[in-house]
Amino acid sequence: MTYTDPYRPPAGTDGRPDASPGDLTRTGVTRTLLWLVLVISAVGNMVASYSGSGTPVHLVCGAVTALCVTALVVLRLRGRR
């Protein structure tokens, strides 16, 4: 007896239902690293604010934060296609 689910693509297609949730993908690793860098740069900017660091430190942290947010948005939009 063969069971076919009309709402699930067959195994081996692009939907990859046979893949476990723990499988690492390039996009998943990239997204995780971007989030990590984003949090570190935001914390660095807060530390720079409380310690009275100069403007260049704030600009670098802000630029890194902006780049991470932009890259995460691009990844999200590409994933929706």
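What you are looking at is a predicted structure, and each value in this text was computed from that prediction instead of being measured.
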Worksheet item: Quick one: do V47 and V39 end up in the same hydrophobic cluster if we chain Ile, Leu, Val, Met, Phe, Trp and Tyr together by side-chain heavy atoms under 4.5 Å apart?
Response: yes
Response to the item:
L34 and A71 have their tightest heavy-atom pair at CD1-CB, 3.6 Å
Worksheet item: How far apart are the closest heavy atoms of C61 and G44, and which atoms are they?
Response: SG-C, 3.9 Å
Discussion item. Apply side chain to side chain contact (heavy atoms under 4.5 Å, CB included) to residues L36 and T32 and explain how you reach the verdict.
Written reply: CA-CA 6 Å; L36 182 65; T32 302; 5.7 Å; no
Discussion item. Let me confirm one number: the CG-OG1 distance from L72 to T30, rounded to the nearest 0.5 Å.
Written reply: 10.0 Å
Worksheet item: Between CG of L33 and CG of L38, what distance do you get to the nearest 0.5 Å?
Response: 12.5 Å
Item to complete: Would you tell me whether T25 and T27 have side-chain atoms, one donor and one acceptor, within less than 3.5 Å of each other?
Response: no
Practice prompt. Please check if I40 and W35 belong to a single hydrophobic cluster, counting links between Ile, Leu, Val, Met, Phe, Trp and Tyr side chain heavy atoms closer than 4.5 Å.
Written response: no
Worksheet entry | Smallest separation among heavy atoms of S53 and H58, with atom names | O-NE2, 3.7 Å
Discussion item. Let me confirm one number: the OH-CG distance from Y50 to N45, rounded to the nearest 0.5 Å.
Written reply: 11.0 Å
